[in-house]
Amino acid sequence: MTRKVTIIGAGSVGSTIAYTMAVNGLASEIVMIDVNHEKALGEAMDILQGTPFCSPIKIYAGSYAEAADSDIVIVTSGVARKPGQTRIDLAQTNVNIVKAITPEITKYAPNAIYIFVANPVDVLTYVFHKISGIPENRIIGSGTILDTARLRSRLAELMEINQKNVHAYVLGEHGDSSFVPWSCAQIAGVNLDDYRASLNYAAHEYPDFTYEEVEDYMRTSGAKVISRKGATFYAVAISVCHIVRTLFSSVNTVLSVSTMMHGEYGVEDVCISVPTIIGPSGVCGNVLPPLTEEELAKFHNSANVLKGVISQLNI
């Protein structure tokens, strides 16, 4: 079965997504598109030359026309966030880029599922909803899936447990107003508070930590990585490839991604992350765990932050 993926943007994030997909055999054909065609050619060639040791795959640089019949289109193009700059600062510049590429890509790939990764991802996902004509179930923003991965990796590290045993989410904006609904956080099916209190593992003493410290780690991780190495791309590439794997699977999976709200938790007309059911046809629905009053207020605040930005944009 052909699994064709087009990646728009051959920068660090787009190229690492392509590399990760190739190594893991997630796609059978990858098209890389970039305004700097030579850069896309170089990245595609570099990955292609390692594929004799991977699953069979075609990977090449192309134009929008070569995106025809894509199953998935991943949009990473945009101006990268600089040290000290917030995601929201990028808004209008990257909105203009989305407005420019939308008619080009939807002309050739009208039936694809679109995944937005460029920041501010919630805003760009919303803009694409408004201007593309693509059905809502086929538009996904990577949202807080990366924040959720950072949260789970930190909790797993602190508790010295397999990351896959950690079930916790980051909800809201992929940005400063995101939050963790700790009332829903679990390890191995046990509420996190109960797990810490009832743990019977005398051979080891766990470090003392607060949820506020963990949440701060999650929220500041991106900026710390950027200050140290100039960009973030490994973790986001793995996270986006997990979305791709889910879309190409035969069963549904719940992921914290950004989709259009229609009254969920009392929020409408904004793209924001809640636990969302993703399957072969795209967005199937969502799961709305009960939130405390404080958590619900944080979700409303996050939605209002995004709406405030959107209201100032030229869409």
Side-chain angles (χ1 to χ4, degrees), residues 75-102 114-134 136 139-148 150-151 169-182 212 215-216 218-224 226 232 236 255-276 283 286 288-289 291-315:
V75 182
T76 72
S77 54
V79 177
R81 185 160 62 114
K82 298 179 176 61
Q85 185 181 40
T86 68
R87 295 180 181 90
I88 300 302
D89 291 335
L90 298 175
Q92 188 64 61
T93 298
N94 285 349
V95 163
N96 292 342
I97 292 173
V98 169
K99 288 166 64 176
I101 69 174
T102 293
Y114 284 78
I115 303 174
F116 276 79
V117 184
N119 281 315
V121 64
D122 303 291
V123 173
L124 301 187
T125 304
Y126 178 86
V127 170
F128 189 75
H129 268 280
K130 296 300 181 181
I131 68 174
S132 68
I134 299 297
E136 287 190 2
I139 303 174
I140 300 168
S142 57
T144 59
I145 191 170
L146 173 58
D147 308 280
T148 293
R150 287 168 172 161
L151 170 68
Y169 292 99
V170 179
L171 305 186
E173 170 208 3
H174 175 53
D176 294 338
S177 69
S178 65
F179 73 99
V180 179
W182 291 106
E212 289 76 14
E215 198 160 344
D216 183 67
M218 172 276 298
R219 193 175 290 110
T220 60
S221 288
K224 287 179 180 177
I226 290 171
T232 62
V236 67
L255 302 174
S256 56
V257 293
S258 185
T259 57
M260 184 66 79
M261 295 292 98
H262 294 286
E264 293 86 346
Y265 295 126
V267 170
E268 299 211 28
D269 196 40
V270 69
C271 290
I272 197 168
S273 289
V274 299
T276 304
V283 179
N286 47 47
L288 302 178
L291 302 180
T292 66
E293 289 188 10
E294 181 182 2
E295 290 165 352
L296 188 60
K298 289 180 178 179
F299 186 76
H300 286 168
N301 173 66
S302 197
N304 289 334
V305 166
L306 287 168
K307 287 185 175 184
V309 174
I310 291 168
S311 69
Q312 301 175 54
L313 296 175
N314 177 18
I315 299 177

- prompt: Would a 4.5 Å heavy-atom cut-off, applied to side chains only, mark Leu291 and Lys298 as touching?
  reply: no
query: Around atom CD of Glu136, are there more than 12 heavy atoms of other residues, nucleotides or ligands at under 6.0 Å?
result: yes
query: Do His129 and Ile134 have side chains that get closer than 4.5 Å, going by heavy atoms?
result: no
query: With distance as the sole test, does Thr292 use its side chain to make a donor-acceptor pair with the main-chain N or O of Glu295 at under 3.5 Å?
result: yes
message: Ignoring hydrogens, what is the shortest heavy-atom contact between Thr232 and Val236? Give both atom names and the distance.
response: O-CG1, 4.1 Å
statement: Smallest heavy-atom separation, Asp269 atom then Lys307 atom, equals O-CE, 4.0 Å
CA sep, side-chain torsions, deciding dist, call: Ser256, Thr148, side-chain hydrogen bond (donor to acceptor under 3.5 Å, both in side chains): CA-CA 7 Å; Ser256 56; Thr148 293; 2.8 Å; yes
field: Test item: Ile101 and Ser77 side chains (from C-beta on) under 4.5 Å apart, heavy atoms
entry: yes
message: Once rounded to the nearest 0.5 Å, what's the spacing between atom CG of Leu255 and atom OG of Ser273?
response: 10.0 Å
query: Among side-chain atoms of Ser177 and Asn301, is any donor-acceptor pair under 3.5 angstrom?
result: no
- request: Dump the intermediate steps for side-chain contact (heavy atoms from CB on, under 4.5 Å) on Phe128 and Val75, then the final yes or no.
  value: CA-CA 11 Å; Phe128 189 75; Val75 182; over 6 Å; no
query: So do Thr125 and Ile139 actually touch side chain to side chain, heavy atoms under 4.5 Å?
result: yes
message: Is it the case that the side chain of Lys99 and the backbone of Ile131 share a donor-acceptor pair, with hydrogens and angles ignored and the cut-off at 3.5 Å?
response: no
query: So, do Pro289 and Pro275 sit near enough that their side-chain heavy atoms are less than 4.5 Å apart?
result: yes
task: In sequence, state the C-alpha distance, the side-chain angles, and the governing distance for Arg219 and Ser178, and then conclude on side-chain contact (heavy atoms from CB on, under 4.5 Å).
output: CA-CA 8 Å; Arg219 193 175 290 110; Ser178 65; 3.7 Å; yes
- prompt: For the atom pair NZ (Lys224) and CD1 (Ile226), what is the distance rounded to the nearest 0.5 Å?
  reply: 13.0 Å
field: Minimum-distance pair of heavy atoms, taken over all atoms of Glu173 and Ile272
entry: N-CG1, 3.7 Å
task: May I ask you to decide if His262's main-chain N or O and Glu264's side chain share a donor-acceptor pair within less than 3.5 Å?
output: yes
- prompt: Taking all atoms of both residues into account, what is the closest heavy-atom pair of Val267 and His300, and its distance?
  reply: CG2-CD2, 3.5 Å
- prompt: Are Leu124 and Val95 close enough that some pair of their side-chain heavy atoms sits under 4.5 Å apart?
  reply: yes
- prompt: Is there a donor-acceptor pair under 3.5 Å between the side chain of Asp122 and the backbone N or O of His174?
  reply: yes
query: If every non-hydrogen atom of Ile140 is compared with every non-hydrogen atom of Val283, which pair is closest and at what distance?
result: CG1-CG2, 3.7 Å
query: Is the shortest heavy-atom distance from the side chain of Ile310 to the side chain of Ile315 under 4.5 Å?
result: yes
task: Hey, can you tell me if Phe299 and Phe179 have their rings parallel, tilted or perpendicular (30° and 60° cut-offs)?
output: perpendicular
message: Would the distance check show the side chain of Thr76 and the main-chain N or O of Val117 forming a donor-acceptor pair, the cut-off being under 3.5 Å?
response: no
- request: Name all residues meeting the side chain to side chain contact (heavy atoms under 4.5 Å, CB included) criterion together with Ser221; count only those two or more places apart in sequence or in a different chain, and write none if there are none.
  value: Arg150, Tyr217
Gap between atom OG1 of Thr220 and atom CE of Met218 - 0.5 Å precision: 8.5 Å
query: Considering only heavy atoms from C-beta outward, does the side chain of Leu306 approach that of Tyr126 to under 4.5 Å?
result: no
statement: What one should report as the nearest heavy-atom pair of Pro181 and Leu171 is CG-CD1, 3.8 Å
